[in-house]
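Reading through the structure tokens given below for one structure.
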Amino acid sequence: MAGEAVRDHLSEMVRNSAEVFKDMSKVRTLIMKHAMHDYPEMDLLSLASGYPGISIFLDKLDEVYPEEGWDVLAFRYNQEIVRLAGSMPVHSLSLYSGLAGLIFMFNECSRGSTRYTHVLSQLLDVFFDSYPAFFEETRSKLEGGLLVDSDLDLISGWTGIAAVLMEVKEQQVHYSGRLVGALNQILQLITGAVGRLNNFEKLSGQSVYYNLGMAHGITGAINLLSVAKLRHYPINGLREVLEVAGAFLKGNIRQWHGTSVIPNMVIADPEAGNGHNPSYHRDAWCYGTPGASVALFRLGLALEDDLMQTMAVQLFNTVYLRPDGLRKVISPTICHGYAGLLLIQEHFRRAAGLEGGEEFLQRLLELRSAEDLLAFADIEGTAEKPVCLDKVGLLDGCAGVLLTLLTYDNKHLCTWEQMLLFS
């Protein structure tokens, strides 16, 4: 299938491309090949790059194609996840590389708490045993002005952990009391951290406040607090902090090559020739205007500010105006590629009635390989010197691209997007 034929048969193409995941030995080899940890086996348990993200994809594929055994295959992955998790110490509570990612996956695949209830209870018990020490460490760092990006952000920090607990609380009712208690504590900590933007000039040594990425920066934390406000969590001073955050984000909108952007990082001097700085901006979920526009829109909802919501949609629309050389998007993946842009476009379609067309879908499909083992590879480097990486995972690999396409074709599957803070 190619061109229009692929577009007309997205789910079928996804199903055919998923055959690679039946060879768990080969999948393991590919995950370990690109492992980032000192102990490569930990990458097997990573929601970003390992088995958990693949399991979510297979579970959703089973919803579209029941009776084909995809849930059985997902169960095999989950058995291996349980075995590995039982053999390793808790090194992180984080969403994308730690315990919260496993909790999110099993909760998302529980089919309304009808599956995996025992393993979820075990994981939550481990979480609550480990939580106090991790939390106290971060609280002390906040008081000492020593926070780093990974303490607070969506990928590695408390923003991602809190996002998971919010979702789990809705289904695991027998843990609701403990979950609410932990959430209120975590959200109060994040509120205190974001509130320091009110004295931004005193934060020069803390990079977390200069990082404007949805994935790695303060923007993800702002988005989470907006969700907390919309869900009526009783957090002291939350509205005031969100107003400070709104002024901060709007104050970092820059004009760049004739379009409006929120850059990757806070730029002290907006006139300092940033158009020639290759790290200034990238149109992606992880960094740049697309992800930041989601946070600004959610903030507008939380503050009941219609103008801010309109500004956010207009900001995202600038992505369509920028040529490839300014977008810097060459990969099909969720994290920094066209799958991420397609997901954000669909988010704005649902939330704001945006009509975005099919450019991102078509650009994504153009990056498909019908001959290689993986239908989609991550592409790093530049357009002039691309480097193709055979990654299989959710955030920057083939499983995430396939899940995005499956969800585009089957809108009801979109609940997994909570891991990207789209609600």
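The minimum heavy-atom distance linking Leu303 with Arg239 is given by the pair O-NH2, 3.5 Å. In terms of heavy atoms, Ser97 sits closest to His91 at O-NE2, 3.2 Å. The minimum heavy-atom distance between Leu341 and Pro290, with the atom names listed, is CD2-CG, 3.5 Å.
Among residues two or more places apart in sequence or in another chain, the ring-ring contact (aromatic ring centres under 6.0 Å, His included) test is passed with Tyr131 by Phe127, Phe135, Trp158. Not counting sequence neighbours, His174 has no partner by the ring-ring contact (aromatic ring centres under 6.0 Å, His included) test. In this structure Asp71 satisfies the salt bridge (Lys or Arg N to Asp or Glu O under 4.0 Å) test together with Arg115, sequence neighbours excluded. Lys22 pairs by the salt bridge (Lys or Arg N to Asp or Glu O under 4.0 Å) definition with Glu19, not counting sequence neighbours. For Lys141, the salt bridge (Lys or Arg N to Asp or Glu O under 4.0 Å) partners are Asp151, not counting sequence neighbours. A search for salt bridge (Lys or Arg N to Asp or Glu O under 4.0 Å) contacts involving Arg196 returns nothing, not counting sequence neighbours.
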Next item on the list: Tell me, with the steps shown, if Glu167 and Asn107 meet side-chain hydrogen bond (donor to acceptor under 3.5 Å, both in side chains).
Entry: CA-CA 8 Å; Glu167 297 310 309; Asn107 187 69; over 6 Å; no
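Note on ring orientation: taking the six-membered ring where Trp is involved, the planes of Phe360 and Tyr320 are parallel (angle under 30°, cut-offs 30° and 60°). Classification of the Phe422-His347 ring pair by plane angle, with boundaries at 30° and 60°, yields parallel.
Applying the 6.0 Å contact sphere to CD of Glu143 captures more than 12 heavy atoms from other residues, nucleotides or ligands.
A cation-pi arrangement is present between Lys411 and Tyr408 under the rule of less than 6.0 angstrom and at most 45 degrees off the ring axis.
Using a 4.5 Å heavy-atom cutoff, the side chains of Ile54 and Val27 are in contact.
Taking the charged nitrogens against the carboxylate oxygens, Glu12 and Arg15 have no contact shorter than 4.0 Å, which rules out a salt bridge.
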